Asker: 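One structure coming up, written as structure tokens, with questions to follow.
None of the values given here were measured: they were computed from a predicted structure.
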Amino acid sequence: MNCPSCGVEMGTLKSDEQNLSHCVECGSIWMDISDLNRLLLQNNLPGLDSLGGKMNLDMLSGQCPECLVDLVEVCSGNPQLALAYASCESCGGILVMDDFSACTNADEASKHLVKFFTAFQNKAKRAPPSTV
């Protein structure tokens, strides 16, 4: 499978429990939404639909390698962080556009995914109201 973002052949990061498609060129990870939701829920995070974010319909992030539908970018709820992933509206494939190049196996990439989506869901903190 070719990377939806840069077109390079994707490799595989393996562990005992899972395999993840990984781009050695841009560092992105491609995975099924059900696998991502399972990972998020196992790490006490809400499912992807509950994490928030805003679709950027003007920004297409390549084509889905499974069904060739354009991927739509979803930006984080925190404007101070430039975090985004791309989603296929047809098959539910997810391209996480972050640098996973330091990950040598699927377990390390899973930890990185959890950190990514923990940061993705955190909205900018507001100061608590004063009680003066």
Side-chain angles (χ1 to χ4, degrees):
M1 156 176 29
N2 289 340
C3 175
S5 181
C6 67
V8 171
E9 178 73 24
M10 295 186 89
T12 303
L13 295 174
K14 298 179 180 183
S15 72
D16 291 339
E17 297 178 20
Q18 65 181 338
N19 294 330
L20 296 172
S21 296
H22 172 249
C23 180
V24 295
E25 182 69 26
C26 71
S28 297
I29 293 283
W30 174 262
M31 63 190 313
D32 185 75
I33 191 168
S34 62
D35 293 334
L36 178 57
N37 279 330
R38 185 174 20 262
L39 175 67
L40 295 173
L41 294 171
Q42 287 172 346
N43 287 277
N44 298 318
L45 290 171
L48 191 61
D49 288 343
S50 300
L51 285 179
K54 182 178 179 183
M55 281 189 160
N56 183 355
L57 299 176
D58 295 329
M59 182 65 170
L60 298 178
S61 300
Q63 283 190 331
C64 174
E66 303 289 329
C67 56
L68 303 178
V69 171
D70 288 336
L71 299 175
V72 177
E73 185 173 290
V74 180
C75 303
S76 74
N78 185 345
Q80 298 168 342
L81 296 175
L83 297 177
Y85 66 88
S87 174
C88 175
E89 296 292 308
S90 178
C91 71
I94 300 293
L95 179 69
V96 182
M97 300 171 290
D98 200 25
D99 188 4
F100 290 84
S101 59
C103 299
T104 60
N105 60 51
D107 291 335
E108 290 177 6
S110 293
K111 290 177 186 174
H112 188 107
L113 284 162
V114 169
K115 288 180 185 176
F116 176 90
F117 283 104
T118 298
F120 185 92
Q121 78 167 347
N122 289 334
K123 301 196 183 331
K125 304 284 189 230
R126 295 183 187 182
S130 74
T131 56
V132 181

Asker: Which residue pairs pass the salt bridge (Lys or Arg N to Asp or Glu O under 4.0 Å) test with at least one member in residues 6-23, sequence neighbours excluded?
Answerer: none
Asker: Among residues two or more places apart or on two chains, list those pairs meeting ring pair (Phe, Tyr, Trp, His ring centres under 6.0 Å) that have a residue in residues 83-103.
Answerer: Y85-F117, Y85-F120, F100-H112
Asker: So which pairs with a foot in residues 21-40 pass salt bridge (Lys or Arg N to Asp or Glu O under 4.0 Å), sequence neighbours left out?
Answerer: D35-R38
Asker: As an exercise, state the distance from CD of Q63 to SG of C88, rounded to the nearest 0.5 Å.
Answerer: 10.0 Å
Asker: Please give me the minimum heavy-atom distance between L13 and N105, naming the atom from each residue.
Answerer: CB-C, 3.8 Å
Asker: Which atom pair, heavy atoms only, marks the closest approach of V74 to G52?
Answerer: CG1-O, 4.4 Å
Asker: What residues, two or more places apart in sequence or in another chain, satisfy side-chain contact (heavy atoms from CB on, under 4.5 Å) together with I33?
Answerer: N37, L48, I94
Asker: Between CE of M97 and CD1 of I29, what distance do you get to the nearest 0.5 Å?
Answerer: 13.0 Å
Asker: For E108, give me all partners under side chain to side chain donor-acceptor pair (under 3.5 Å), at least two apart in sequence or on another chain.
Answerer: T104
Asker: Is there a side-chain contact between P46 and Q121 (heavy atoms, below 4.5 Å)?
Answerer: yes
Asker: Do L51 and L40 touch side chain to side chain, with heavy atoms closer than 4.5 Å?
Answerer: yes
Asker: Quick one: salt bridge (Lys or Arg N to Asp or Glu O under 4.0 Å) pairs with a partner in residues 94-107, sequence neighbours left out?
Answerer: none
Asker: Is M55 reachable from V96 through a run of I, L, V, M, F, W or Y residues, each pair having side-chain heavy atoms under 4.5 Å apart?
Answerer: yes
Asker: Calculate, to the nearest 0.5 Å, the distance between atoms CD and OG belonging to E73 and S5 respectively.
Answerer: 9.5 Å
Asker: In chain order, what residues pass the side-chain contact (heavy atoms from CB on, under 4.5 Å) check against Q18, with sequence neighbours excluded?
Answerer: S15, L20, A106, S110
Asker: State the SG-CE distance between C3 and M10, to the nearest 0.5 angstrom.
Answerer: 4.5 Å
Asker: Under the rule for side-chain contact (heavy atoms from CB on, under 4.5 Å), what residues qualify as partners of E66, not counting sequence neighbours?
Answerer: M1, W30, C64, C91
Asker: By side chain to side chain donor-acceptor pair (under 3.5 Å), which residues pair with T118, not counting sequence neighbours?
Answerer: none
Asker: Would you give the length of the straight line joining atom CG of L71 to atom OG of S90, rounded to the nearest 0.5 angstrom?
Answerer: 10.5 Å
Asker: Given the rule that I, L, V, M, F, W and Y join up when any side-chain heavy atoms are under 4.5 Å apart, are L36 and L95 in one cluster?
Answerer: no
